[in-house]
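Single-structure report; data block below.
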Number of protein chains: 4
Amino acid sequence: MRQDKTGLIFQAAIDIFSDRGFDRATMDDIAARANVAKGTIYYHFKSKEDLFLFLVEEGIDLLRESVNEQIRPEMNGKDKLETAIRQQIRFFGEYRDFCIILLREAWGAEQRQKEFRKMLTQYTKSIEEYIRQAVEEGDFLQIEPESAAWTVFGGASIASLHLLLSKHREYKDEELANVVTTILMQGLQAK
Amino acid sequence: MRQDKTGLIFQAAIDIFSDRGFDRATMDDIAARANVAKGTIYYHFKSKEDLFLFLVEEGIDLLRESVNEQIRPEMNGKDKLETAIRQQIRFFGEYRDFCIILLREAWGAEQRQKEFRKMLTQYTKSIEEYIRQAVEEGDFLQIEPESAAWTVFGGASIASLHLLLSKHREYKDEELANVVTTILMQGLQAK
Amino acid sequence: MRQDKTGLIFQAAIDIFSDRGFDRATMDDIAARANVAKGTIYYHFKSKEDLFLFLVEEGIDLLRESVNEQIRPEMNGKDKLETAIRQQIRFFGEYRDFCIILLREAWGAEQRQKEFRKMLTQYTKSIEEYIRQAVEEGDFLQIEPESAAWTVFGGASIASLHLLLSKHREYKDEELANVVTTILMQGLQAK
Amino acid sequence: MRQDKTGLIFQAAIDIFSDRGFDRATMDDIAARANVAKGTIYYHFKSKEDLFLFLVEEGIDLLRESVNEQIRPEMNGKDKLETAIRQQIRFFGEYRDFCIILLREAWGAEQRQKEFRKMLTQYTKSIEEYIRQAVEEGDFLQIEPESAAWTVFGGASIASLHLLLSKHREYKDEELANVVTTILMQGLQAK
DNA sequence: GATGAATGAGACTTCATTCAT
DNA sequence: CATGAATGAAGTCTCATTCAT
C-alpha cells in the first residue's frame, strides 16, 4: 500500500517471515526484498523483534477490524459468532502470509511469542464473548466458553492453514466457511 | 526409559525442542540436557534435522497407536471419531512437549516441515476415514471430509495447546474432551 | 598494496595458505593476520574455497603476465621458451608463497584442485606452444609437446621449490635459471 | 599383498590418502576401506601421522629399491642416471597412488612433511651422485649437481603426475620415459 | 588382538546489530 | 534519512583419539 520505506519494509517482512519463519528470516533477506539497505530497516525499527511485533500487531488489528466491521451490536450471539468465523476464513484467504505467520509463531516461551499470544487472546476473547452471549440467549448449549472459543478459533484456523499449504487445492473461502460453520454450529451429527 | 545414550538424547531433544523450537534449540543445549558430549549426538544422528525428524516420527507413531488402541474395527464411524478426539486430547495431556512441537513446527516450506506434514497427514487421513464412514452410515451430515478432518484436528489441538500454555489453568483432559467433542459432534447450538 | 580490507585479507590468505596449506589454514588465522574480524572475510568472499580460488586465479594471472611481458611475438620459439623458464624462476623467487601454494595444492580430486589445474593448464599450454613453434622452426627435436611442456614446467618448478624450502641456501634466481635452462635446452650431456 | 590386518590397513591408507590427501582423509574412511574397526588401526599404528609416515617410508624404500635393482655399480654415471629416470617413471606408473601422495604431501612446514622430504632427499641424493659421477667422467657438462638433481626429479615426476591425472590419456611409461630422458639428457635443442 | 561407542576441541559459516559517512 | 562495510558471538558439524569390553 504505502509507498514509503516503512511500507516497503513492512510488506517485505511479511513475505519473508511467512516464507522462512522468524528465525530463518534474515534482515538481509528482508532488506533485499524491500529494495532498501539493511541499515534503513534499523532506522525505522529498533530490532528484528520490534519489526516482527509491529507487523503482528497490525495483522491482528486488521483481523479484528475486518471481523468487527461485519458485526453489528444488535445481532444475537449466534449470528455474531457465525459471522466471525466466516469472516476470519475470508480474511485468511486474503492475508495468507499473516495466517501462516500466526500459526507458526504464536506458540513458544519467548517474549515475542508471549506478546503475540496476548494480542491473539484479545481476538479470541471477543469470540468468547459471542459464545457467552449466545449461551445467555439460550441459543447455545451450556459450555465452558474459553475452551470453546479456542476450539472454534483452532478449527477454523487450521482448516484455513491446511488449505493454504495445499498445492493441489484452491482456497475457496465460502466453501470452506460453510464446512467449518456447519461443524461448529450444528455439529457433525445429522439431525 | 531406555538407559542407552540414544534414549537420553531422545528425551533431551523433545524437552529442548518443545521449549525453544527447532531453530532456537542448540545441539549444545540438547547435549547438556542429555548429559552426553555433543559429538555423541552426531554419532547417533546424522544431523539436527535427522534427530528432529526421528523424534517427530516416533511421536506421530505413538499418537496413532494410542488412538488406534481405543478403536475397534466393528465400531461405527461416529463412535470412532468421538473416541479419536477424546484420545488425542488425553495423549496431548500426557505428551505435552510433543503437542507443542507439533503445532509449532509442522507449518512451513522447509524439507523437515514438509516431511512432518506428510506424517501428520497420515493421522488426519484416518480421522477423515471415520468421518467418511459415519457419513455413509447416515450418522453424519453430508460434508466435505478432508476439510472436516482438519477442522476437527485443529479444534482439538489448539484447544489442547491453549490449555497447556496457560499457566493459570490445569490441563483436565476429560473436561476438555467433553467440551470439544460436544462442539464437534453436536455443534454449539442448543437442540 | 591496496589498503582496503580486501587487499589485507588477500595478503594474509597467501601468507597463511602457503604456510599451512589449504586444509590446515583456518579462517581465524587469516582474520588475525589481516587484522580484521572473521565475519569481514565472509563479507568479501563467499567461502574459504572462494577466497582460495580468487587468490590462485590472481597468482596464475600474475605469473602469465609476468612471463608474457618478456616475450615478444617476433621471437623464435626457442628464445620464447628460454625466456619463459627464466622468467618463471624469477617470478617464483619474488612470489615464494605462491610457488609453494601452487605445488602443494594443485593436485587432487577436489573441485578447487580441478579448477586450479585448469588455470595452470592455461599456463602450460603456452609453454607447449613455444615448444611447438621451435619444433616447426627446426630448432627443437621432434618431441611430443604436451609431456615436454610438463617436464619443463615440473623441472623448473620443483627446482625452485626445493631451493625455497632449503633453509641453508639462498634463492639466487639467475644461477638457478642458468642450471635449469642449460639442462632443458642443451641437456645434461656434454657436446 | 599381506593379508593380515596391517597389510589391509596399509593398502587402504594408500588408497584414501591419495584420493583425499592427508588432511581430508579420515581414519573412518581408512577403517571402512580396510574392513577393520577404527580401533584396530590404533592397535597397529600410533596415530594418523604415524600411519602416514610408515606408508611414505615404505613407498620411498620401494622406489629406491626398484631403481637400485636396475643399476649396477660398474655402469657409468650417464647410464645410471638414464636408467634411474626411466625406472622412476615406470615405478610411478605402477604405484600411481604413491606418486600422487608424494607430490601432494611432501611440501610444507609440518613435522611429517619435513620427515617426508628428508626421506625423499635420500633418493634425490643418489640422483645427485649419478650426475656427479657423469660430470667427473666427462660425459656431463659442469653443472651444479643439487639443483640439477631436483630439476631431473621434478621434470620426471610432474610429467608422470600430469599423465596420471589426465582422464583422457593413458599412462604409457616407455613413451613418457623416452620424452623425458631425451629432454634431460640431450636437451630440447636439435644437434 | 580387536572393537566401536563416546568424546570435545576446533573448524567453517551465519547473521543481528552498529556506525561512520 | 539512508547506506552498507564491518563485527564477533554463536551455531552446526567433523574427526583424531581413547578405552571399556
Side-chain angles (χ1 to χ4, degrees), chain A residues 4-6 8-9 22-32 34-52, chain B residues 4-6 8-9 20 22-32 34-51, chain C residues 4-6 8-9 20 22-32 34-51, chain D residues 4-6 8-9 22-32 34-52:
Chain A
D4 62 349
K5 302 273 181 190
T6 304
L8 289 173
I9 293 166
F22 180 83
D23 286 309
R24 285 288 221 261
T26 72
M27 297 301 262
D28 275 292
D29 289 340
I30 296 170
N35 271 105
V36 300
K38 195 162 29 163
T40 307
I41 302 182
Y42 283 90
Y43 186 81
H44 292 276
F45 300 92
K46 203 159 57 36
S47 65
K48 187 182 179 183
E49 182 159 337
D50 188 53
L51 170 58
F52 179 78
Chain B
D4 63 348
K5 305 277 180 187
T6 305
L8 290 174
I9 294 166
R20 319 225 206 309
F22 180 84
D23 286 310
R24 283 290 219 260
T26 74
M27 296 303 260
D28 275 297
D29 290 341
I30 295 171
N35 268 105
V36 299
K38 196 174 8 173
T40 306
I41 303 182
Y42 284 93
Y43 187 79
H44 292 278
F45 300 91
K46 212 161 65 334
S47 64
K48 188 182 179 184
E49 180 159 339
D50 189 53
L51 170 57
Chain C
D4 63 349
K5 305 277 180 186
T6 304
L8 289 174
I9 293 166
R20 318 226 205 311
F22 180 83
D23 287 309
R24 283 289 220 261
T26 73
M27 296 302 260
D28 274 297
D29 290 341
I30 295 171
N35 269 104
V36 300
K38 197 170 13 171
T40 306
I41 302 181
Y42 284 91
Y43 187 80
H44 292 278
F45 299 92
K46 210 162 67 320
S47 63
K48 187 182 179 184
E49 179 158 339
D50 190 53
L51 170 58
Chain D
D4 61 351
K5 304 275 180 186
T6 304
L8 289 173
I9 293 166
F22 180 82
D23 286 309
R24 285 288 221 261
T26 72
M27 297 302 261
D28 275 292
D29 289 341
I30 295 170
N35 271 106
V36 300
K38 194 166 27 169
T40 307
I41 302 181
Y42 282 90
Y43 186 81
H44 293 277
F45 300 92
K46 203 160 53 45
S47 66
K48 187 182 179 183
E49 181 159 337
D50 188 53
L51 169 59
F52 178 78

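All values below were derived from every heavy atom in this structure, side-chain atoms included, with hydrogens, water molecules and symmetry-related copies excluded. Below, read A as the first sequence line, B as the second, and so on, with proteins coming before strands; counting in each chain starts at 1.
- In this structure D50(A) satisfies the salt bridge (charged side-chain N to carboxylate O under 4.0 Å, His left out) test with no other residue, sequence neighbours excluded.
- Every residue two or more places apart in sequence or in another chain was checked for a side-chain contact (heavy atoms from CB on, under 4.5 Å) with N35(A), and none qualifies.
- Of all heavy-atom pairs between A37(B) and A31(B), the closest is C-CB, 4.1 Å.
- Residue H44(A) places no side-chain N or O under 4.0 Å from the OP1 or OP2 atom of dC1(F).
- Going from atom CD1 of I9(D) over to atom C1' of dT3(E) covers 12 Å, rounded to whole Å.
- Regarding Y43(A), its OH atom lies at a distance of 17 Å from the P atom of dG4(F), rounded to whole Å.
- K48(B) contributes atom NZ, which lies 8.0 Å from atom OH of Y42(B) (distance to the nearest 0.5 angstrom).
- Distance I41(B) CD1 to dG8(E) C1': 12 Å, rounded to the nearest Å.
- Distance CD1 (I30(C)) to C1' (dT13(E)): 14 Å, rounded to an integer number of Å.
- Atom CG in N35(D) sits roughly 20 Å away from atom P in dG1(E) (whole-Å rounding).
- Going from atom CG of D4(A) over to atom P of dC1(F) covers 10 Å, rounded to whole Å.
- Put simply, CZ on F22(D) and CZ on R24(C) are 6.0 Å apart, with the number rounded to the nearest 0.5 Å.
- A search for side-chain contact (heavy atoms from CB on, under 4.5 Å) contacts involving A34(A) returns L8(A), I9(A), A12(A), V36(A), not counting sequence neighbours.
- Remark: R20(B) CZ to D29(B) CG distance equals 4.0 Å, nearest 0.5 Å.
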Identify all pairs in which a protein N or O lies below 3.5 Å from an N or O of nucleotides 12-16 of chain F, and state each distance.
unit_1	atom_1	unit_2	atom_2	d
dT12(F)	OP1	A25(B)	O	3.3
dT12(F)	OP1	K48(B)	NZ	2.7
dT12(F)	OP2	M27(B)	N	3.0
dC13(F)	OP2	Y42(B)	OH	2.8
dC13(F)	OP2	K48(B)	N	3.0
dC13(F)	N4	K38(B)	NZ	2.6
dA16(F)	OP1	A25(D)	O	3.1
dA16(F)	OP1	K48(D)	NZ	2.9
dA16(F)	OP2	M27(D)	N	2.7

Taking Watson-Crick (N1-N3 plus N6-O4 or O6-N4) and G-U wobble (N1-O2, O6-N3), each under 3.5 Å, can you produce the dot-bracket string of DNA chain E? Use [ ] for crossing pairs and | for inter-strand ones. .||||||||||||||||||||
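- For K38(A), the salt bridge (charged side-chain N to carboxylate O under 4.0 Å, His left out) partners are D28(A), not counting sequence neighbours.
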